[in-house]
J.: 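Below are the structure tokens for one structure; questions will follow.
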There are 2 protein chains.
Amino acid sequence: MTDDCDSVRAVPRNGDEVRLRLQEAALELYLERGYDKTTAADIAARAGVTERTFFRHFTDKREVFFDGEAELRDLLTGAVAAVPAGTRPLPALRAAFHQAVPLIERHLPVTERRAPVIAATPALQERSLAKTAGLVAALTDALRARGVAEPLAALCAQVGMDTYSAAIRRWAADRGDDLHTHLDRAFNDLRLAANALK
Amino acid sequence: MTDDCDSVRAVPRNGDEVRLRLQEAALELYLERGYDKTTAADIAARAGVTERTFFRHFTDKREVFFDGEAELRDLLTGAVAAVPAGTRPLPALRAAFHQAVPLIERHLPVTERRAPVIAATPALQERSLAKTAGLVAALTDALRARGVAEPLAALCAQVGMDTYSAAIRRWAADRGDDLHTHLDRAFNDLRLAANALK
DNA sequence: GCAACGAGTGTCAGTGACTGACGACTGTGA
DNA sequence: TCACAGTCGTCAGTCACTGACACTCGTTGC
């Protein structure tokens, strides 16, 4: 903190800065005491603002935990749009996820700090699922924009996201190989598993 | 209010009966005023009990909306376990979902009444996603019990569930064909889409 | 300089979800 | 008749979240 000299309200200047302090304070407190044992007022106090200000920046006690999802969404939908015409939906998604690897790696430190908190609190798991569902909806739109028919677009977006999630999980358990490798491996597993149908 | 005859505490006898009345009252009120505009006290009042009793039967204002998930879970995991040994994971899941069709059809009237409420309220969508995630976890366990290796089991359970969900959506949009048909069609789409990989 | 203005914040009051503690009632079996 | 367990009502309290209002500060136009 650059908390300094004189009085109580020396800190707040910029709205974005307050927002960042609130996110950091929330993460710290959730790690220290757990999500249930920390109140919105606690978070606000550590960030040097009022509870009311907390709820002006974040709609939720959960929402403060999930940020940067828009960045990933924009990157993925852009990548899907940029894939060569004629590419089938799942290969297009696989390519898009490969494009996202640098972003994922850049966010890794924060992601790793968040992980144990999410794992320990059902309320955050629910919100996490909702965020993922939002990504799937965006990918569905991106596929439709490429001319993929409605029912297939939704199915592929969802299945592609699951495969990506599986790759992330394996990567977390085995950092020996990089995310690109795990991604290809997971999509290959999907192909083999689906081949057994019919 | 349909508050009736003699006195205040004429109604409650059995715990299960109260539970059912609360669920029905909640569904009615959510349909009439919407989820946000109905309080837990409202639901309890219509069911003829206290708000406190409401929270003794349901942990949540959301939870009262989702019941019978355990029934579907048990049926599905049992069906997966009963599939002939040697069957590959996704075909096993497809068979399990076919087994569940009668249950789904039986619950259709309630499901259809719930649908518009869920579609209109994000809080219920989140809980719905969490319930589905619970089913996926159960299916993952069921696959592991069949000897499917960990990372593949989770991926297949998730993908199988998505395909099932896709079939349900198509069925809702087109009741001309039965759910069995939509199920086979969705799994076939999955196979074709995955075949385009590599 | 100065007034108007908008963004960000603090304060206060209020609603509603949810919890813990306690006591009352009712049916069941010893 | 006497425990005993299950279900409920009552009461008090915490906390998430919201609306209304006033204030402060930096910017813009004059």
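A, B, ... follow the sequence lines: proteins, then strands. Residue 1 opens every chain.
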J.: Answer whether the closest heavy-atom distance between the side chains of T39(B) and F54(B) falls below 4.5 Å.
T.: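 Answer no - side chains too far apart.
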
J.: Spell out yes or no: do the side chain of R56(A) and the base of dG10(C) have one donor N/O and one acceptor N/O closer than 3.5 Å?
T.: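 Side chain to base: pair found, below 3.5 Å.
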
J.: CG of D16(B) versus P of dT7(D): gap in Å, rounded?
T.: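 That distance rounds to 8 Å.
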
J.: Find which nucleotide of DNA chain D each of D36(A) and T50(B) is nearest to by heavy atoms, and output the residue with the more 5' nucleotide.
T.: T50(B)

J.: Report the residues that fulfil ring pair (Phe, Tyr, Trp, His ring centres under 6.0 Å) with H107(B), sequence neighbours left out, ordered by chain and then residue number.
T.: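 Partners of H107(B) by the ring pair (Phe, Tyr, Trp, His ring centres under 6.0 Å) criterion come out as none, since no residue qualifies.
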
J.: What is the separation between atom CZ on R19(B) and atom C1' on dT7(D), rounded to the nearest whole Å?
T.: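 That distance rounds to 14 Å.
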
J.: For DNA chain D, which residues of residues 117-128 of chain A approach it to below 4.0 angstrom with any heavy atom?
T.: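 When residues 117-128 of chain A is checked for heavy atoms under 4.0 Å from DNA chain D, there are no hits whatsoever.
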
J.: Would you kindly give the CZ-to-P distance between F54(B) and dA17(C), to the nearest whole Å?
T.: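 After rounding, the gap between these two atoms is 9 Å.
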
J.: If you look at every strand shown and take non-hydrogen atoms under 4.0 Å, does T53(A) touch a base, only sugar-phosphate, or nothing?
T.: sugar-phosphate

J.: Atom NZ of K37(A) and atom P of dT14(D): how far apart are they, to the nearest Å?
T.: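 Going from K37(A) (NZ) to dT14(D) (P), I get 14 Å.
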
J.: L29(A) has an atom CG; how far is it from atom C1' of dC15(D), in whole Å?
T.: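 From L29(A) CG to dC15(D) C1': 16 Å.
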
J.: Report yes if a side-chain nitrogen or oxygen of H57(B) is closer than 4.0 Å to either non-bridging phosphate oxygen (OP1 or OP2) of dT7(D); otherwise report no.
T.: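 For dT7(D), neither OP1 nor OP2 has a side-chain N or O of H57(B) closer than 4.0 Å.
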
J.: What is the distance, to the nearest angstrom, from the NZ atom on K61(A) to the C1' atom on dC15(D)?
T.: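 Rounded to whole Å, this separation is 8 Å.
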
J.: To the side chain of E51(B), which of dC17(D), dA17(C), dG9(D) is closest?
T.: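 Of the options given, the side chain of E51(B) lies nearest dA17(C).
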
J.: Please work out whether the ring planes of F187(A) and F97(A) are parallel, tilted or perpendicular, with thresholds of 30° and 60°.
T.: tilted

J.: Select one nucleotide: of dT18(D), dT19(C), dC8(D), the one nearest the side-chain heavy atoms of F55(B).
T.: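 Of dT18(D), dT19(C), dC8(D), dT19(C) is nearest to the side chain of F55(B).
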
J.: Sort out for me which residue in D189(A), D184(A), D178(A) forms a salt bridge (charged side-chain N to carboxylate O under 4.0 Å, His left out) with R170(A).
T.: D189(A)

J.: Which is true for T39(B) with a 4.0 Å heavy-atom rule: it touches a base, it touches only sugar-phosphate, or it touches nothing?
T.: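 The residue T39(B) makes sugar-phosphate contact but no base contact.
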
J.: What closest approach, in Å, do R146(A) and A85(A) show between heavy atoms, and which atom pair accounts for it?
T.: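 Scanning both residues, the minimum pair turns out to be NH2-CA, 4.1 Å.
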
J.: Pick base, sugar-phosphate or nothing for R62(B), based on heavy-atom distances below 4.0 Å to the nucleic acid.
T.: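 Sugar-phosphate, backbone atoms only, no base.
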
J.: Rounded to whole angstroms, how far apart are CZ on R21(B) and C1' on dC8(D)?
T.: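 My rounded result for the distance is 12 Å.
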
J.: Nearest to the R52(B) side chain among dG9(D), dG20(C), dA20(D), which nucleotide is it?
T.: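 Side chain of R52(B) sits closest to dG20(C).
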
J.: Say whether L75(B) and M161(B) are linked into one hydrophobic cluster, either directly or through other cluster members, by side-chain heavy-atom distances under 4.5 angstrom.
T.: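 Linked, L75(B) and M161(B) end up in one cluster.
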
J.: Which atom pair, heavy atoms only, marks the closest approach of D60(B) to R127(B)?
T.: OD2-NH2, 2.6 Å

